[in-house]
Amino acid sequence: MAVKQVQIRTEFITLDAFLKWINIAGTGGHAKALIASGLIQVNGEKELRRGRKLRPNDHVLITGEGEWQIAAEEG
């Protein structure tokens, strides 16, 4: 499965907001449950904090869904 690149305009995006933005979670509660399930890794480590700040060059792996790389928006 190819790594998908997601560009952000801000310095960071929180993990729960990221999950909603890429349409993996429909609500904040759904994002919280996904994170608590232990199926999400950030930079190769299991992440259980929904407020985890994702910054450019971070990699997010969601078991059964795919892998994303955060990038800074150009321009």
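Every heavy atom of this structure was used, including side-chain atoms; hydrogens, water molecules and symmetry mates were not.
Within 6.0 Å of CD in Q5 there are more than 12 heavy atoms belonging to other residues, nucleotides or ligands.
With hydrophobic clusters built from ILVMFWY side chains whose heavy atoms lie under 4.5 angstrom apart, L39 does not share a cluster with V60. In the hydrophobic clustering of ILVMFWY residues, with side-chain heavy atoms under 4.5 Å counting as a link, L48 and I13 come out apart. With hydrophobic clusters built from ILVMFWY side chains whose heavy atoms lie under 4.5 angstrom apart, F18 does not share a cluster with F12. Follow the hydrophobic side-chain contacts under 4.5 Å out from I35 and you reach V6 in the same cluster.
The CG atom of D16 lies 13.0 Å from the CZ atom of R52; values are rounded to the nearest 0.5 Å. Here CG of L19 is found 4.5 Å from CD1 of I40. Values are rounded to the nearest 0.5 Å. Between N43 atom CG and R55 atom CZ the span is 11.5 Å, to the nearest 0.5 Å. Going from atom CD of E67 over to atom CD of Q41 covers 9.0 Å, rounded to the nearest 0.5 Å.
Looking at every heavy atom in both residues, V42 comes nearest to E47 through CG2-CB, 3.8 Å. Minimum interatomic distance between Q7 and E74 (heavy atoms only, all atoms of both residues): OE1-N, 4.4 Å.
Checking I24, I62, L15, T63 one by one against L34, the side-chain contact (heavy atoms from CB on, under 4.5 Å) holds for a single residue, I24.
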- request: Go through N57 and Q69 one step at a time and tell me if the side chain to side chain contact (heavy atoms under 4.5 Å, CB included) criterion holds.
  value: CA-CA 6 Å; N57 298 318; Q69 178 181 9; 3.8 Å; yes
